[in-house]
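Note that the coordinates shown come from a computational prediction; the quantities given were computed from them, not determined experimentally.
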Amino acid sequence: MEGVGGVVSSDKQQQENAAVAAAEGGDTASSYRYWVRQVTGDAAPLPVPRKLTSPDQQSQPSTHLGSAWNRAGTWEEKNLNKWASDRIKELLVSMALEFSGGRAEIAEVSRCVGDAFLVIVRNKKRVGYTYELTLRVQGEWRIGDEGKSVKGDIDVPEFSFGELDDLQIEVRLREAKDLPHRDKMRISQDLKSFLQPLREKLVQFEEELRDR
């Protein structure tokens, strides 16, 4: 019985020794799990988190259009009436033309009625406008043997974005009761020559509106 007891005791001691070795990390079965948690001296260092600075942020250009509050760019509309009205007047006032029998210039934009707008839809920009104009014209023509001061108006009926090829004007003379009918017709025809330069100025306005 002692021999048997000695064998049992020896087996129990071996099991206790194995348990101690496993607890101390010496067990072969657990050594791999323990190894992967270690960082060796020659291993590459882990990346350190770094806060983006202003130059880093500026290096990535944003394609967002519109206001900061509308980050999704779903829908935003801006009223550009004041800018558009002021810009049309700047472009058209003081335009002058020379004719065979006289000269004339646009002295004032006496009527400028309409709307101009910029719309951002799905982060895409679209612009548009609709306007009506009346331009006050003054000039001087040779009537007979003397120069005659003449005043008039050029009406520009409604025109819209992308439709300047169809632009039309209508001429009205003022304070011309004492002019012969033939001279009235000649002066009116001369004033209709403002159509092409007016169209060119409005094309410039349309391009500037598109770039806003």
Side-chain angles (χ1 to χ4, degrees), residues 45-98 103-139 151-174 188-212:
L46 295 175
V48 179
R50 182 171 63 89
K51 183 178 180 180
L52 287 177
T53 61
S54 295
D56 295 328
Q57 295 170 340
Q58 294 173 359
S59 64
Q60 301 177 0
S62 174
T63 58
H64 170 71
L65 298 176
S67 302
W69 59 263
N70 188 18
R71 300 304 300 176
T74 52
W75 174 272
E76 181 178 351
E77 183 172 351
K78 292 184 179 181
N79 185 312
L80 300 178
N81 290 352
K82 186 179 186 310
W83 175 87
S85 297
D86 291 345
R87 188 55 181 148
I88 287 174
K89 294 175 182 178
E90 290 174 359
L91 289 171
L92 302 187
V93 170
S94 299
M95 282 181 55
L97 291 181
E98 297 282 346
R103 69 179 305 275
E105 69 174 5
I106 296 176
E108 179 187 0
V109 179
S110 58
R111 182 170 179 265
C112 182
V113 179
D115 295 291
F117 57 87
L118 180 152
V119 175
I120 296 174
V121 183
R122 298 179 182 177
N123 208 34
K124 293 183 179 181
K125 183 173 67 175
R126 299 175 183 175
V127 295
Y129 67 84
T130 300
Y131 269 92
E132 298 178 9
L133 305 174
T134 297
L135 314 175
R136 186 153 294 174
V137 183
Q138 62 184 24
K151 296 180 180 180
D153 295 296
I154 296 177
D155 294 321
V156 185
E158 184 178 276
F159 60 98
S160 303
F161 186 89
E163 299 180 359
L164 293 177
D165 288 342
D166 299 325
L167 190 70
Q168 298 179 0
I169 63 174
E170 299 171 359
V171 174
R172 295 180 288 113
L173 297 183
R174 293 184 290 113
S188 296
Q189 193 63 36
D190 286 344
L191 291 179
K192 288 181 181 179
S193 300
F194 272 99
L195 174 60
Q196 184 56 32
L198 276 173
R199 181 185 287 119
E200 293 172 359
K201 289 293 186 180
L202 292 175
V203 166
Q204 179 181 342
F205 160 75
E206 193 169 284
E207 291 173 350
E208 292 179 9
L209 178 67
R210 185 186 294 113
D211 292 338
R212 287 189 66 81

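For the atom pair CD of Gln168 and CG of Asp155, the computed distance is 12.5 Å after rounding to the nearest 0.5 Å. Taken to the nearest 0.5 Å, the CD1 atom of Ile154 stands 5.0 Å off from the CD1 atom of Ile169. Here the CD-CZ distance, from Glu208 to Arg87, works out to 4.0 Å after rounding to the nearest 0.5 Å. Atom-to-atom distance recorded for Lys192:NZ and Leu97:CG is 15.0 Å, nearest 0.5 angstrom. Taking CG of Asp86 as the start and CG of Leu80 as the end, the distance is 12.0 Å to the nearest 0.5 Å. To the nearest 0.5 Å, atoms CZ (Arg172) and CG (Asp153) are separated by 4.5 Å.
Between Ala107 and Val93, the closest heavy-atom pair is O-CG1, 4.1 Å. What you find for Tyr131 and Ala84 is that their closest heavy atoms are OH-CB, 3.4 Å. Of all heavy-atom pairs spanning Arg199 and Leu164, the tightest one is NE-O, 2.9 Å. When all heavy atoms of Met95 and Phe194 are compared, the closest pair comes out as O-CE2, 3.8 Å. When all heavy atoms of Val171 and Leu191 are compared, the pair lying nearest together is CG1-CD1, 3.7 Å. Summarising the geometry of Asn81 relative to Ala116, their closest heavy-atom pair is OD1-N, 2.7 Å, with the distance given to 0.1 Å.
In this structure, the side chains of Leu198 and Leu133 stay at 4.5 Å or more apart for every pair of heavy atoms. Looking at Gln196 and Glu200, their side chains come closer than 4.5 Å, going by heavy atoms from C-beta outward.
Heavy-atom neighbours of Glu132 CD from other residues, nucleotides or ligands within 6.0 Å: above the threshold of 12. No more than 12 heavy-atom neighbours from other residues, nucleotides or ligands sit within 6.0 angstrom of CZ on Arg126.
The closest donor-acceptor contact from the side chain of Lys78 to the backbone of Ile120 lies at 3.5 Å or more, if one exists at all. Counting only distance, with no hydrogens or angles, the side chain of Glu206 and the backbone of Gly162 share a donor-acceptor pair below 3.5 Å. Checking side-chain atoms of Thr134 against main-chain N and O of Ser110 turns up no donor-acceptor pair under 3.5 Å.
Between Arg210 and Glu207 there is no salt bridge, since no side-chain nitrogen of the basic residue lies less than 4.0 Å from a carboxylate oxygen of the acidic one.
Using cut-offs of 30° and 60° for the angle between ring planes, the Tyr129 and Phe159 rings count as perpendicular.
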Going through the checks in order, is the side chain to side chain contact (heavy atoms under 4.5 Å, CB included) test met by Thr130 and Asp115?
CA-CA 6 Å; Thr130 300; Asp115 295 291; 5.8 Å; no
